[in-house]
Amino acid sequence: HVLSVLESSRKRGVSENTILHVYSTLRKLFGDAKRLNMISANSVERVTPPKIERKELDIPSPSDLSEILETAEKSKYAAVIRFLAFTGTRRGEALGLKWKHVNTDASTVSVVETLQRVVGSGLHSVPTKSRFGRRVINVDETTNRLLIHLRASQIERYLISGTPLDDDDFVFTNTVG
């Protein structure tokens, strides 16, 4: 039965990572049932767990990165692209960054939240998944100046709209905030 659950998941196009989560949940469930003497054996233990192949990262070369940044300079996404390239943050971490977590005096940003899309509910700012995800990142001088300039332009835009910029506002925004 366990194999048929895993195989039907594969046939439906479920990722191997998700199938591994299903397998682990079933193993734990049946293990608890065995420990509580509800069943005599954990049949999941006899099934080989799915193997996850780790994908190689496709990291751009320094010349490719220079070209990407040069092209991005002409884009409305220039600031976030530079930030991503020079901090190593994940997209959700960068987009979830709020001004209260930026310290331009110390040239640091604190990664404590991430922006996630929830189906049917939109975008939500949530804490990072683990304590290891929460960290302070030093930013280079150019990126720090970019953050200072970005904040000044946002303050100006917000004042024109009649709303003051708040420390809970996102650093990287679109035209509606």
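Note that the structure is predicted; figures quoted are calculated from it, not measured.
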Inset, instruction - For the pair I137 and F83, evaluate side chain to side chain contact (heavy atoms under 4.5 Å, CB included) and give the outcome as yes or no after the intermediate values. - result: CA-CA 11 Å; I137 298 173; F83 184 84; over 6 Å; no

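- Identified under the side chain to side chain donor-acceptor pair (under 3.5 Å) test for residues 72-92, with sequence neighbours left out: R82-D140, R82-T143, T87-T89, R90-E93.
- Each side chain to side chain donor-acceptor pair (under 3.5 Å) pair with one or both residues in residues 102-114, not counting sequence neighbours, appears once here: K98-E113, S107-N144, E113-S125.
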Inset, instruction - Would you please test S24 and H21 for side chain to side chain contact (heavy atoms under 4.5 Å, CB included) and show each step? - result: CA-CA 5 Å; S24 298; H21 286 295; 5.7 Å; no

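- When every heavy atom of N42 is checked against every heavy atom of K34, the shortest pair comes out as N-CD, 3.9 Å.
- Using modelled atom types and a 3.5 Å distance limit, the side chains of S66 and S63 yield no donor-acceptor pair.
- Scanning both residues, D166 and D169, for their nearest heavy atoms gives N-OD2, 2.7 Å.
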Inset, instruction - Please step through salt bridge (charged side-chain N to carboxylate O under 4.0 Å, His left out) for the pair D167 and R151, ending with a clear verdict. - result: CA-CA 10 Å; D167 278 348; R151 183 166 177 93; 3.2 Å; yes

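- Sorted pairs that involve residues 91-125 and meet ring-ring contact (aromatic ring centres under 6.0 Å, His included), not counting sequence neighbours, are lacking altogether.
- Remark: E67 CD is loosely packed, at most 12 non-hydrogen atoms of other residues, nucleotides or ligands lying under 6.0 Å away.
- Annotation for K28: atom NZ does not count as buried by contact number, only 12 or fewer foreign heavy atoms lying within 6.0 Å.
- In this structure a side-chain-to-backbone donor-acceptor pair under 3.5 Å is missing from Q116 to V126.
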